Protein chains: 4
Amino acid sequence: MPKVGMAPLRKAQLIDATILCIHEEGVARSSVQRISKRAGLSPGIVAHYFDDKDGLLTATLSRLNKNLSEEIIRRMKRANEPLDRLWAILDAHFQPVHFAPDTVDTWFALWGKMREIPNLQRVQRIYEARLRSNLRHALRPLVSAERVEVVADALSAMIDGLWAKSAQPTTEISAERAKTVFSDTLSRLLD
Amino acid sequence: MPKVGMAPLRKAQLIDATILCIHEEGVARSSVQRISKRAGLSPGIVAHYFDDKDGLLTATLSRLNKNLSEEIIRRMKRANEPLDRLWAILDAHFQPVHFAPDTVDTWFALWGKMREIPNLQRVQRIYEARLRSNLRHALRPLVSAERVEVVADALSAMIDGLWAKSAQPTTEISAERAKTVFSDTLSRLLD
Amino acid sequence: MPKVGMAPLRKAQLIDATILCIHEEGVARSSVQRISKRAGLSPGIVAHYFDDKDGLLTATLSRLNKNLSEEIIRRMKRANEPLDRLWAILDAHFQPVHFAPDTVDTWFALWGKMREIPNLQRVQRIYEARLRSNLRHALRPLVSAERVEVVADALSAMIDGLWAKSAQPTTEISAERAKTVFSDTLSRLLD
Amino acid sequence: MPKVGMAPLRKAQLIDATILCIHEEGVARSSVQRISKRAGLSPGIVAHYFDDKDGLLTATLSRLNKNLSEEIIRRMKRANEPLDRLWAILDAHFQPVHFAPDTVDTWFALWGKMREIPNLQRVQRIYEARLRSNLRHALRPLVSAERVEVVADALSAMIDGLWAKSAQPTTEISAERAKTVFSDTLSRLLD
DNA sequence: TATGAATGAGGATTCATTCAT
DNA sequence: AATGAATGAATCCTCATTCAT
């Protein structure tokens, strides 16, 4: 009895399981068997919906990026002042949902696999391009034209650095602290 | 008397091979066999000198950190002005030797394994503590007391973010560009 | 629906192969690869059904013990006289099926691994407890109360000794001979 | 500076280490490296004095058997009565030195390797032949001619059974208990 | 006599993937 | 749509052994 419309449900189930598994057991132990068991499904299902493991991982990164993009868009809509628009971008990254340990762990783990999985690169490149574009756009009213690029680079590096740090077991970085750091930096970096 | 004094030579050989292998083939394909073959040695030798693959990876991270530390110290010695001392730290990270693709790739790959290899954490924690201490020390004459911590966080996040980015295939970050970004940021961040 | 109900079949297949392999090639050469090949299956299947090589060995000991227990029970049922009940236990151990070289070799080999595989101990402890209880129960009507324990020890030691000897290449012990030895001993040991 | 006359010393050292290692770490973990380290020597030394690992194991079994034989001979000399001579043999096996856990563990472990190491068989066969001959000789004045063989078998099986049991982690057999069992059995088995 | 460096085969295990049902 | 049986390659590690010194 073929149930119809299971695809989105199952995909979501598997992506959730992937994130959970990477967070709780580490990438190295996040095998297809382990992920599918965690999703309450069979290992074969991964091939069914994602062709292979790389497909699942790519979909997982897509989902994470999409979540973050939507958060940014949502906040952008409510932002009227130039500075608020910039903060919409930065803030989004450190919202509890997206700065949560499982999200950040997964994001970082997938970043580590990028070299080996071209599709992962593709997905990430698209997200990054959009982020950079958003950043530059938000910065334009706030800094002189010739500094837009360099400040965008600085801020984007800081975002990545803080995310990376928070994904590491060696340091404790709270979202609160991250925002404080940005506050201080922005107050100086902008003209 | 046996062939003696091989230990340091062999260890260096294997660490070199590890870095090369991770850079050229990726972490996932950097098996003990592949690394040892690249070193012109047998797979068993890894256990002989490092107990474990984990031992080899830990030693590799140690070496990388030590190289960087020495670079920082070397530059520190020649720095007389407060600002020069801060630049000594930042600059060191982006010297061709330490910002070279193989170094950065390896550093990033090992960062990704940290969760699973406690010894890697230990090594990194020590390095980080020293770096933070150096940064704070260098910042003290340059910013107000209450901003030392926050600026240290910002700069350290930027370093990590730029390194992480440069280890990714999605972006091209030159050492030159990194320094430009720091220049602009520092000019504003300091009092 | 997948190919179903393979579990008991495959497990039996692998246990059979284990016994055969230990008998014909020795424990030292009874690797997972060799055992599974002998079963006409792939090495991975062992993990699938038994988790471990240890799991397979434990299941093998269980099977051997179960076979023997059932033989004893079968013979017990037909035994009406007290002496017959004692013989049921002894005889069972030296029936062609259970005293067969492959069985005894495997039993002995697994006994040698007991120190290293806790689960093997557990299985054996349970079997031994039952055997001792049976022995004592059978001896009660045949010897004075204060000798039950000591005669049980003597007989159980003789069983093990004869099995152990027969598993060794240094001596030839036929089931016939074993029974003769027991006959003589019993005729004296009982009151 | 080649020291002379080291051979017997070194050999004893290695055999001691073998027994200790098998007892404390188990046969499976008693590698040449581990044994030689325990002896405070290098792994290469084993080949020097025993050709290979099998040679060391064979020498170990020889030593164990020799110790036991000497114990029997010593006790035989002091035994004047026929029954005392029989007890000399049995008792020797359960003297603290020879029934000690490390001795029994090693003896049992080597028994398990016999199938795979022909030299081990050879050594054991010789010992067993002598033991059987001693047993028969001691029994001749104590039981009727036609029962000598069968009682020898029974006693020898009991010795092995008790040793085997005591080498197993599943049961606790004290030397005291062993002797009690023999006492009861002998009192009935002899004419 | 003795070392310890070095080897490479062989072990158990894990894993992504395929496929019949 | 979904299963789970089954595969076989790949990984890390351990080990007996060899050898130059």
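Letters A, B, ... mirror the listed sequences (proteins, then strands); counts begin at 1. Bear in mind that the values here come from a model prediction, so they are computed numbers and not experimental data.
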For [X] and [Y], which heavy atoms make the closest approach, and how far apart are they?
X: Leu120(B); Y: Leu61(B); value: O-CD2, 3.7 Å
X: Ala12(C); Y: Arg63(C); value: O-NH2, 3.5 Å
X: Val27(C); Y: Glu116(D); value: N-OE2, 3.2 Å

Going by the rule ring-ring contact (aromatic ring centres under 6.0 Å, His included), which residues pair with Tyr49(D) if we only count those two or more places apart in sequence or in a different chain?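 ring-ring contact (aromatic ring centres under 6.0 Å, His included) list for Tyr49(D), sorted by chain: empty.
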
Within the supplied structure, the quantity of interest is the number of heavy atoms (other residues, nucleotides, ligands) at a distance under 6.0 Å from Lys113(D) NZ; does it exceed 12? no

Pull out every residue in residues 38-52 of chain B that has a heavy atom closer than 4.0 Å to any atom of DNA chain F, ordered by number, or say none. Ala47(B), Asp52(B)

Neighbours of DNA chain F within residues 13-35 of chain B, by heavy-atom distance under 4.0 Å: Ser31(B), Val32(B), Gln33(B), Arg34(B)

Tell me which residues in residues 53-61 of chain D lie within less than 4.0 Å of DNA chain E, going by non-hydrogen atoms.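 Nothing qualifies; none.
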
Under 4.0 Å, heavy atom to any atom of DNA chain E: which of residues 109-124 of chain B qualify?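 Residues of residues 109-124 of chain B that come under 4.0 Å of DNA chain E do not exist, since none gets that close.
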
Would the distance check show the side chain of [X] and the main-chain N or O of [Y] forming a donor-acceptor pair, the cut-off being under 3.5 Å?
X: Gln13(B); Y: Ala39(B); answer: yes
X: Glu24(B); Y: Ile19(B); answer: no
X: Arg34(B); Y: Arg29(B); answer: yes

For dA2(E), does either OP1 or OP2 sit under 4.0 Å from a side-chain N or O belonging to Arg10(D)?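 For Arg10(D), the contact criterion (side-chain N or O under 4.0 Å from OP1 or OP2 of dA2(E)) is met.
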
Give the rounded distance in Å between these two atoms: NZ of Lys37(B) and C1' of dT11(F).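 Roughly 15 Å, once rounded to whole Å.
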
Could you state the atom-to-atom distance from CE of Met6(B) to P of dA6(E) in whole Å? 6 Å

I want to check something: taking the side chain as every heavy atom from C-beta on, are [X] and [Y] in contact at a cut-off of under 4.5 Å?
X: Arg115(D); Y: Asp105(C); result: yes
X: Asn119(B); Y: Arg122(B); result: yes
X: Ser36(D); Y: Pro43(D); result: yes

So does Lys11(B) pair up with Asp16(B), basic N to acidic O under 4.0 Å?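 No, no charged N to carboxylate O under 4.0 Å.
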
Salt-bridge present (Arg38(A), Glu25(A); N to O < 4.0 Å):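 Between Glu25(A) and Arg38(A) there is a salt bridge, with a charged N closer than 4.0 Å to a carboxylate O.
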
Can you name the one residue among Val32(D), Thr18(D), Leu56(D) that meets side chain to side chain contact (heavy atoms under 4.5 Å, CB included) with Phe50(D)?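 Only match with Phe50(D) under side chain to side chain contact (heavy atoms under 4.5 Å, CB included): Leu56(D).
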
Can you run through DNA chain E from 5' to 3' and write each base as (, ), [, ], | or . depending on how it pairs? Watson-Crick or G-U wobble, both distances under 3.5 Å. .||||||||||||||||||||

What class does the angle between the rings of Trp111(C) and Trp107(C) fall in, given that below 30° is parallel, 30 to 60° is tilted and above 60° is perpendicular? tilted

